[in-house]
Amino acid sequence: MTTTTLRRKKDHMYGVIPSGSDYLALSAAGAVSLYIDGTFVSLVRSRAIAPLSSPHLIRTDSGGKVGDNSLVYATSETALEVWDVAADTLYTHTPTSSYQLVGAVYSSGKLYWIECEPTQHGSVGAWKTWYRLMQANCDLTGVTEVSTHELVHYLGFSVDWGVPLTLLATPTGLMIERIWDDNISHENTWPIRIRVDFDGSPWTDSGWANIGSGIYFNPLYGVYDSFALGTLIPGSTSLGYDTDDVLTVAADLWSAGGAWNAAGFSNASTSPDGTEAALYSAPDPKLVRGPASVVVSGEPTSSFVVGIDGDGNLPICMWIL
């Protein structure tokens with residue numbers, strides 16, 4: 001069946017105007033497929049993979065270590081994996097000292113991620129927690145510690161760190177978000193955000209101020225200009241944006257609700273030129289697309305019902321190609 005035929009068939013079925021764009025989709029069964037809007041076109045590759053979180057698309061590796069449209073994701077809070085889909089090869093990394101991570105992002109031929117000390121050290125009034133920026137080739141060779149940061153939190157009680165929630169990619173660096181909980185009465189809990197440039201400096205953090213809902217990325221995706229795009233907290237019905245600052249509270253880029261309402265979006269992606277964004281909702285399943293700019297904001301432009309793949313499974317995430 002030709003692409004034109006597929007688009008006409010889909011337009012008739014769903015009553016929407018096709019965007020003419022292709023998407024890469026991943027199912028929980030480990031199938032990577034090509035879609036045109038919400039319609040399955042063909043299977044790209046399939047293999048058994050571990051349950052994953054925070055998958056990120058490596059469109060093209062300028063370092064030449066992996067093929068186009070490879071995936072990097074976390075298989076646990078202490079394990080990172082790269083799937084070279086074209087070569088059907090897996091590469092893995094496990095942090096030392098049981099440090100925790102939440103996926104990785106691609107930038108200029110390298111993968112970057114932040115590893116977090118799982119427990120604090122120090123004493124009352126001067127508890128501390130180590131963070132380290134890591135870099136590697138896209139096949140996870142040449143793993144290098146770029147820089148470290150010892151976060152000091154001046155509290156009268158010690159805290160328990162939750163598993164890192166968010167790794168936010170910006171054009172120049174990374175931000176990570178964690179939640180702390182006091183381990184005395186468990187009555188106090190708060191998010192904290194830490195940022196670092198890809199070159200390792202400077203590190204900044206939000207201290208213990210209220211940074212609002214922030215952006216909860218699940219999974220990682222892409223960036224546009226100086227704004228990071230993604231869904232807000234789980235269950236949000238809008239695309240959100242956040243500036244490259246640890247203290248900025250995320251805001252809606254698209255208006256929420258209406259025709260774009262969904263049961264909860266699974267991931268966000270941006271077009272290669274950064275002008276458009278798409279949100280995919282696995283629970284519905286639905287794909288929503290619109291402008292990825294704070295200058296051209298407002299309503300999304302298209303919405304598609306997403307069908308099953310060749311194995312009868314729905315995607316868990318989708319990326320604009």
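In this chain, numbering begins with 1 at the start of the sequence shown.
For the residue pair Val102 and Ser54, the shortest heavy atom distance occurs at CG2-OG, 3.6 Å. Of all non-hydrogen atoms in Pro285 and Leu314, the two that sit nearest each other are CG-CD2, 3.7 Å. In this structure, Asp311 and Ala31 approach most closely via the heavy-atom pair OD2-CB, 4.2 Å. Considering all non-hydrogen atoms of both residues, Ser76 and Leu101 come closest at O-CD1, 4.1 Å. In terms of heavy atoms, Asp197 sits closest to Pro202 at OD2-CD, 3.8 Å. Contact between Ser281 and Asp284 at its shortest, heavy atoms only, is OG-OD2, 3.0 Å.
With contacts defined as side-chain heavy-atom distances shorter than 4.5 Å, the pair Ser33/Val44 does not qualify. Residues Trp319 and Leu71 form a side-chain contact, since some pair of their non-hydrogen atoms from C-beta on lies under 4.5 Å apart. Residues His149 and Ile194 meet the side-chain proximity criterion, which asks for heavy atoms closer than 4.5 Å. Using a 4.5 Å heavy-atom cutoff, the side chains of Pro315 and Tyr35 are in contact. At a threshold of 4.5 Å between non-hydrogen side-chain atoms, the residues Leu151 and Ile192 count as touching. Residues His93 and Trp113 have side chains in contact (heavy-atom distance under 4.5 Å, counting atoms from C-beta outward). For the pair Ile320/Tyr23, a side-chain contact is recorded, criterion being any heavy-atom separation below 4.5 Å from C-beta on. Between Val41 and Asp22 there is no side-chain heavy-atom pair separated by less than 4.5 Å.
Atoms OG and NZ, from Ser123 and Lys128 in turn, are 8.0 Å apart once rounded to the nearest 0.5 Å. The CD atom of Glu117 sits 10.0 Å away from atom CD of Gln100, with the distance rounded to the nearest 0.5 Å. Atom OG in Ser107 sits 11.5 Å away from atom CD1 in Ile58 (nearest 0.5 Å). Here the OG1-CG distance, from Thr92 to Leu80, works out to 9.0 Å after rounding to the nearest 0.5 Å. With values rounded to the nearest 0.5 angstrom, Ser42 atom OG is found 11.0 Å from Asp309 atom CG. Going from atom CE of Met318 over to atom CG of Asp37 covers 8.5 Å, rounded to the nearest 0.5 Å.
Trp130 and Trp161 are not part of a single hydrophobic cluster, where members link through side-chain heavy atoms under 4.5 Å apart. Each of Val196 and Tyr99 belongs to its own hydrophobic cluster when Ile, Leu, Val, Met, Phe, Trp and Tyr are linked at side-chain heavy-atom distances under 4.5 angstrom.
Relative orientation of the Trp203 and Tyr131 rings is tilted, given thresholds of 30° and 60° on the angle between their planes.
For Ser147 (side chain) and Ser201 (main-chain N/O), no donor-acceptor pair under 3.5 Å exists by modelled atom type. Not a single donor-acceptor pair under 3.5 Å links the side chain of Asp84 to the backbone N or O of Val66. Counting only distance, with no hydrogens or angles, the side chain of Arg45 and the backbone of Val85 share a donor-acceptor pair below 3.5 Å. Between the side chain of Thr144 and the backbone N or O of Val146, no donor-acceptor pair lies under 3.5 Å.
Remark: Arg59 does not engage Asp61 in a salt bridge, criterion side-chain N to carboxylate O under 4.0 Å.
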How far apart are the C-alpha atoms of Ile49 and Tyr73, what are their side-chain angles, what is the distance that settles it, and do they pass the side chain to side chain contact (heavy atoms under 4.5 Å, CB included) test? CA-CA 11 Å; Ile49 56 176; Tyr73 45 82; 3.9 Å; yes

Hey, mind stepping through Leu57 and Ser269 against side chain to side chain contact (heavy atoms under 4.5 Å, CB included) and telling me if it holds? CA-CA 9 Å; Leu57 179 66; Ser269 66; over 6 Å; no

Set out, in order, the CA-CA distance, both residues' side-chain angles and the distance that settles side chain to side chain contact (heavy atoms under 4.5 Å, CB included) for Asn69 and Val32, then state yes or no. CA-CA 10 Å; Asn69 298 323; Val32 175; over 6 Å; no

Derivation and outcome, side chain to side chain contact (heavy atoms under 4.5 Å, CB included), residues Leu174 and Val105: CA-CA 9 Å; Leu174 297 176; Val105 299; 3.2 Å; yes

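A side-chain donor-acceptor contact under 3.5 Å links Ser62 and Tyr106. Side-chain atoms of Ser21 and Arg289 include a donor-acceptor pair closer than 3.5 Å.
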Residues 132-141, side-chain donor-acceptor partners within the protein, below 3.5 Å, at least two apart:
unit_1, atom_1, unit_2, atom_2, d
Arg132, NE, Glu115, OE1, 2.7
Arg132, NH2, Thr96, O, 2.8
Arg132, NH2, Thr96, OG1, 3.0
Arg132, NH2, Glu115, OE1, 3.0
Gln135, NE2, Tyr112, OH, 2.9
Asn137, OD1, Lys110, NZ, 2.6
Asn137, ND2, Thr141, O, 3.4
Asn137, ND2, Thr141, OG1, 3.0
Asp139, OD1, Thr141, N, 3.2
Asp139, OD1, Thr141, OG1, 2.6

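Contacts of Ala50 classified as side chain to side chain contact (heavy atoms under 4.5 Å, CB included), with partners at least two apart in sequence or in another chain: Thr75. Every residue meeting the salt bridge (charged side-chain N to carboxylate O under 4.0 Å, His left out) condition with Asp88, not counting sequence neighbours, appears here in chain and number order: Arg47.
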